[in-house]
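Letters go in sequence order (proteins before strands), and every chain restarts at 1. Note: hydrogens, waters and symmetry copies are ignored here, and every other heavy atom, side chains too, is used.
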Amino acid sequence: MRQIAIFISLAVLGVGLYLKYFNDVPDSQETINFFVSGFLIIVGVGTLLMNLVWKSTKAKPPEQK
Amino acid sequence: MNKLVIIVFVLMATALVWLGLISFGPLAKSRTLAHLNPSSVRPETTTNVSTPRGGVEYNVFHNRDLKENYYRIQFPRDWTVQSGKAAGGYALTFPGGSGTADLIDVPDNSTLELFVLSQELPRLKKELLSYRQMSYEKTTLDGHEAHRLAYQTGTAGQLQQTIRTYIGGADHGEVITLTAAANDTTLTPLFASVENSFHWEAP
């Protein structure tokens, strides 16, 4: 499950970076492009970090003797 | 819940609020103004160009507002040159007329010619009062494709003639707009010399 979440975070981050650095938009749409790409980058990095630092609180099953 | 996750979430939320402010809020202006380079409106050198009406002193400006779109242009010394509305632009006033020199963003999926013919001409016709096109020609300036458009606006007695020149570039294009009274032919050689002085510079 965690791998899927990390993959989605990386995908969001990748789309954000693409919009910011490789997508040419007309001057009139620069502000919206700045916001959307920034939003995707921040959410991508944030969720990626959350995934990496997340510690499962699920109780470990008792060891079998 | 995990403490570190909460900290990261709070940081992310703070960054999103900051992004909203810098995009649409009160900080948005500071982001766009950051592009304006004060040295762009300070002439660096002065040159003398001879015209059919004698020598004219020109101030040479090096615009360094937008990376990949540095350029050099010269205006007669008696013209008032100020920063334009957007980065990379100039607002000009001179005896008998006014003008602008601006960078324009031509979308990657278009050409300068297509942009001028399909977007700029219809826009000018729609926005300008009594628009009447006088001429349109495709030419070359500074080794780049250029399109020179001449049109008149206004009513009899206050007829204005504008020369609008679009110059292609590697990233943005340049559009130089110079307007004077339609019957004033003395400014024509100056307009031509301003256009011909345009040169894209390497960053």
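A pairwise comparison of heavy atoms in B/Val8 and A/Leu49 identifies CG1-CB, 3.9 Å as the closest pair. Shown here for B/Gly20 and A/Phe35, the closest heavy-atom pair between the two residues is CA-CE1, 3.9 Å.
Atoms CE and CD1, from A/Met50 and B/Ile7 in turn, are 12.0 Å apart once rounded to the nearest 0.5 Å.
Atom CD of B/Gln158 is surrounded by 12 or fewer heavy atoms from other residues, nucleotides or ligands within 6.0 Å. Heavy-atom neighbours of B/Tyr131 OH from other residues, nucleotides or ligands within 6.0 Å: above the threshold of 12. Within 6.0 Å of atom CZ in B/Phe9, 12 or fewer heavy atoms from other residues, nucleotides or ligands are found, so the atom counts as exposed in its surroundings. The local environment of CZ in B/Phe24 is crowded, with over 12 non-hydrogen atoms from other residues, nucleotides or ligands closer than 6.0 Å.
With a 4.5 Å cut-off on non-hydrogen atoms, A/Val43 touches chain B through its backbone and its side chain both.
Put simply, the side chain of A/Phe34 reaches to within 4.5 Å of the side chain of B/Ile22, judged on heavy atoms. Counting heavy atoms from C-beta outward, B/Leu4 and A/Trp54 have side chains that stay 4.5 Å or more apart. Counting heavy atoms from C-beta on, the side chains of B/Leu19 and A/Ile42 come closer than 4.5 Å.
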